[in-house]
Amino acid sequence: METPVIEFENVTFSYDGLPVLRDVSLMVEDRDFLAVVGPNAGGKTTILKLMLGLLKPRSGTVRVLGNSPESARKHIGYMPQYTSLDMMFPVNVLDVVLMGRLGENKLGFFRKRDRDIARDSLQMVEMSGFDDRPFSDLSGGQRQRVLIARALASNPEILLLDEPTSNIDVAVETGLFEILHELNQSKTIVLVTHDLGFVSSFVKHVACVNRRVIVHPTSEITGELINDIYGTDVHMVRHDHSVHGKGPCV
Amino acid sequence: MIIRFMERAPVSEFFIDLQQHTFLQYALLTGFLASIACGVIGSYVVTRRITYIAGGIAHSVLAGLGAARYCQVVFHWGWFHPLYGAVMAALVSALIIGLVSIYAREREDTVIGAVWAIGMAIGILFIYKTPGYNENLMSYLFGNILMVSADDLWLIAGLDSLIIVIGVLFYNQLLAVCFDEEFARLRGIRVEFYYLLLLCLTALTVVLLVSVVGIVLVIALMTLPVAVAGVFAKRLWQMMVFSAVFTVMFTTAGLAFSYGPDIPAGATTIVIAGMAYLLTFIVHRIITKSRS
């Protein structure tokens with residue numbers, strides 16, 4: 001069997017004594033598309049930060065590409081929530097995307113090649129021609145795509161996205177998932193989303209997080225009613241087991 | 001008010017005397033040099049939101065100024081120029097605040113407040129115990145740009161070039177650390193190193209500005225020109241260039257307007273900067289309102 005791209009083995013994590021994740025084991029395989037869902041404060045972002053090595057498990061091991069998360073970082077493209085950034089900051093779109101090229105050159109100067117790659121990344125997320133636009137002038141959906149382009153600029157094997165669908169409308173979200181589906185042909189994608197019950201049909205697996213984690217294949221259900229309400233293709237995840245702790249997460 | 005000043009002592013008096021008096025030329029050059037560093041580092045400080053740290057470092061500088069002056073007078077260490085003491089105190093404060101906020105997980109604002117006040121207290125004790133007149137205290141607190149000597153100017157020029165070279169050389173890394181520290185860390189940038197570097201550059205800039213406007217007024221000169229520049233700048237380097245130009249204008253205007261009526265140059269500079277900020281803010285508000 002191939003080495004999994006991301007592997008959690010009996011991972012437990014707590015913040016100041018409060019348990020956040022308990023005994024989590026999960027495996028993400030090459031070119032998987034995993035959506036991490038669950039209630040607020042259920043530990044979703046903690047899972048992403050453990051994958052990035054920004055947090056250390058209290059017990060258990062996290063491996064990325066068979067190594068420690070820190071040493072695998074250069075193969076990971078990360079998109080944070082844009083709401084965590086200062087919107088008054090004087091930067092344009094190309095400045096932001098070029099940050100994804102940091103660490104590629106010894107002294108930190110950008111060459112023409114870096115700018116070309118940054119522009120290619122913008123093209124991948126359909127944001128060509130926005131190079132000189134101030135980041136603060138963009139809409140929420142455009143900012144998300146610029147931050148995905150920044151994550152892509154280092155040509156990563158894995159894409160980790162924190163709430164890429166927050167603060168954008170359903171039409172924009174559909175477009176975003178089409179882009180992600182295209183990227184999924186060559187990259188493993190893990191995204192965190194607050195949308196509890198509904199995830200795009202492009203997602204292959206769903207991890208439900210509420211202290212514990214249960215992974216499901218995205219199973220089709222007859223959701224004509226849901227389709228009518230949302231006006232887009234949605235899938236529902238049904239839990240057959242109840243989740244330890246505060247009841248089912250969906 | 002301003003018109004009456006101008007009648008009694010026209011600004012032209014400043015420009016006439018500027019050709020004769022070297023102390024005025026030194027003062028003008030000091031303002032010019034300090035302004036460039038101030039534009040570059042002030043932009044980082046404002047966008048990274050660490051003006052309160054800059055304020056803490058500025059006030060703690062009094063300890064260095066006081067201690068160096070004390071050593072000069074009491075031990076006859078002529079070489080121990082107060083500016084050296086200021087550089088040392090500023091760097092020590094920057095490192096204490098930086099290391100505590102990175103490693104100790106202490107409440108950062110408590111540490112800044114402590115460094116701020118303890119630095120001033122040490123300075124006041126040294127000044128109190130220094131024999132002779134203590135006319136220095138006022139010039140430390142509120143600046144005395146007209147007292148800058150040729151030796152001071154060399155030191156200021158050296159510090160200035162050091163700050164600008166480092167600030168520009170590491171532009172991409174510092175920009176990334178200021179904009180999104182977490183992402184910079186993931187890209188392999190040594191975030192802690194660059195944060196400490198930024199605090200040290202801030203400390204050196206503070207020392208330059210203390211010579212221009214004094215300890216108490218440093219924060220204003222670090223933030224107001226950047227705030228005005230922020231209205232026009234689309235990118236960080238533009239903010240640096242614009243705010244450096246504005247700072248040169250404010251310090252020069254402060255010197256020119258204060259010279260005739262013999263009022264403090266530092267305070268005049270800050271009032272001019274404050275008025276410029278207020279005016280920009282109001283005009284910008286009106287323009288954006290009328291557009292929408």
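To find a chain, count down the sequence lines: A is the first, B the second, and so on, and within it residues start at 1.
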Asker: Is the number of heavy atoms from other residues, nucleotides or ligands under 6.0 Å of B:Met88 CE greater than 12?
Answerer: no
Asker: What I'd like to find out is whether the side chain of B:Leu186 reaches to under 4.5 Å of the side chain of A:Ile76, using heavy atoms alone.
Answerer: no
Asker: Between A:Pro90 and B:Ala233, which heavy-atom pair has the shortest distance, and what is it?
Answerer: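 Scanning both residues, the minimum pair turns out to be CB-O, 4.2 Å.
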Asker: Using heavy-atom distances under 4.5 Å, tell me whether A:Phe109 contacts chain B through its side chain, its backbone, both, or neither.
Answerer: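 The answer is both parts of A:Phe109.
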Asker: If I measure from the heavy atoms of chain B, does A:Leu54 come under 4.5 Å with its side chain, its backbone, both, or neither?
Answerer: side chain
Asker: Heavy-atom distances under 4.5 Å only: say whether B:Phe183 touches chain A with side chain, backbone, both or neither.
Answerer: side chain
Asker: Between chain A and chain B, going by a 3.5 Å limit, which atoms form donor-acceptor pairs, if any?
Answerer:
| residue | atom | partner | partner atom | Å |
| --- | --- | --- | --- | --- |
| A:Lys49 | NZ | B:Glu182 | OE2 | 3.0 |
| A:Tyr78 | OH | B:Glu182 | OE1 | 3.4 |
| A:Asp86 | OD1 | B:Arg49 | NH2 | 3.1 |
| A:Asp86 | OD2 | B:Arg49 | NH2 | 3.3 |
| A:Pro90 | O | B:Leu236 | N | 2.8 |
| A:Val91 | N | B:Lys234 | O | 3.4 |
| A:Asp95 | OD1 | B:Arg235 | NH2 | 2.7 |
| A:Asp95 | OD2 | B:Arg235 | NE | 3.0 |
| A:Gly100 | O | B:Arg187 | NE | 3.3 |
| A:Leu102 | O | B:Arg187 | NE | 3.4 |
| A:Glu104 | OE2 | B:Arg187 | NH2 | 2.8 |
| A:Leu107 | O | B:Gln173 | NE2 | 3.1 |
| A:Gly108 | O | B:Asn172 | ND2 | 2.7 |
| A:Arg150 | NH1 | B:Asp180 | OD2 | 3.2 |
| A:Arg150 | NH2 | B:Asp180 | OD2 | 2.8 |
| A:Ser154 | OG | B:Arg187 | NH1 | 3.4 |

Asker: Examine whether an atom of B:Leu236 lies under 4.5 Å from a heavy atom of chain A, and if so say whether it belongs to the side chain, the backbone or both; otherwise answer neither.
Answerer: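 Its backbone and side chain both get close to chain A.
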